Structures are given as structure tokens and as C-alpha cells.
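The structure appears below as C-alpha cells.
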Amino acid sequence: SSDLLHNDLGNDAYLEFVVEESATGCCVALQIKSGKSFKSESGRFRFQSDKDHFEYWSSHTLPVLAIIYDPETDKLVGLTSQGIFDKIPP
């Protein structure tokens, strides 16, 4: 169904931190995005989504980190939820 393609509410991945080969139990949720639409004309990275997604991520029990892949530079950029979720769209 086409509804399944449009309902992507949730997290793309979870990351658990490991210290000296021991799992810490400390985890973050990840939102992974890619493409030119996540980079402004000035070259700054930005994360845009709708209100439902921002409300879901900001109420999550884990910290949420946005990872943006820039295909032009072949680099990953991480954005913390502090800067992202303070700007929930109307």
C-alpha cells in the first residue's frame, strides 16, 4: 500500500556506545538523511521535517541524533537534538 511508503515515523537506527570493548548500555536513536535538500545554499546543514516527526523525536526516551550524509563531499554530519527540536515547526 502507498500508505506504508509515506508513514516513516520512527527511528532509522540505534547506536550503543562501547568503551574498551564493553557495551555501556548507553544508547542514542538516529535519524539518517542524505542529499542536497539537507544543505542550504550557504553550505550549512539543516534538518527539516513535519510537526509529527519533531514531536515524536522530542518526546523520545532516548536522545535523538540526526546524521546527514553529504554526497558532494562524501562526509557525514551529526546534529544534536538540542538545535533541532528547539525549532519545531507550527
Side-chain angles (χ1 to χ4, degrees):
S1 152
S2 64
D3 289 339
L4 293 175
L5 298 175
H6 296 290
N7 185 7
D8 66 348
L9 192 61
N11 297 302
D12 296 323
Y14 295 89
L15 174 71
E16 181 175 0
F17 296 97
V18 175
V19 175
E20 297 179 5
E21 299 185 26
S22 294
T24 65
C26 180
C27 300
V28 294
L30 301 176
Q31 285 302 306
I32 304 168
K33 305 298 178 194
S34 176
K36 294 179 182 180
S37 64
F38 296 98
K39 196 171 184 182
S40 70
E41 289 183 19
S42 67
R44 293 190 58 150
F45 290 93
R46 61 182 179 209
F47 190 88
Q48 296 178 322
S49 194
D50 59 39
K51 185 177 180 179
D52 289 341
H53 283 84
F54 280 106
E55 287 178 349
Y56 172 77
W57 296 323
S58 65
S59 68
H60 204 285
T61 57
L62 292 173
V64 179
L65 179 67
I67 303 292
I68 300 174
Y69 172 68
D70 181 6
E72 293 177 346
T73 62
D74 196 32
K75 292 185 180 180
L76 294 174
V77 176
L79 303 173
T80 64
S81 59
Q82 281 184 320
I84 297 169
F85 303 129
D86 291 343
K87 300 172 185 169
I88 296 175

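Everything quoted here is computed from the prediction, not taken from an experiment. All values below were derived from every heavy atom in this structure, side-chain atoms included, with hydrogens, water molecules and symmetry-related copies excluded.
Residues satisfying the side chain to side chain contact (heavy atoms under 4.5 Å, CB included) criterion with Leu30, sequence neighbours excluded, are Ala13, Leu15, Val28, Ile32, Leu65, Ile67. For Asp52, the side-chain hydrogen bond (donor to acceptor under 3.5 Å, both in side chains) test picks out no residue, with sequence neighbours left out. In this view, Ser59 satisfies the side chain to side chain contact (heavy atoms under 4.5 Å, CB included) rule with no residue, not counting sequence neighbours. The side chain to side chain contact (heavy atoms under 4.5 Å, CB included) check on Thr73 picks up Lys39, Asp70, Lys75, with sequence neighbours excluded. Taking the side-chain hydrogen bond (donor to acceptor under 3.5 Å, both in side chains) definition, one finds that Ser40 meets it with Ser42, sequence neighbours left out. For Tyr56, the ring pair (Phe, Tyr, Trp, His ring centres under 6.0 Å) criterion is met by His60, not counting sequence neighbours.
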Would you give me the side-chain donor-acceptor pairs under 3.5 Å for residues 18-27, sequence neighbours excluded?
{"unit_1": "Thr24", "atom_1": "OG1", "unit_2": "Phe17", "atom_2": "O", "d": "2.7"}
{"unit_1": "Thr24", "atom_1": "OG1", "unit_2": "Cys26", "atom_2": "N", "d": "3.0"}

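Through chains of ILVMFWY side-chain contacts below 4.5 Å, Leu62 is grouped with Tyr14.
By the 4.5 Å heavy-atom criterion applied to side chains, Trp57 and Asn11 are counted as neighbours.
Taking OG of Ser58 as the reference point, atom NZ of Lys51 lies at 10.5 Å (rounded to 0.5 Å).
Between Pro71 and Ser34 the shortest heavy-atom distance is CD-OG, 4.5 Å.
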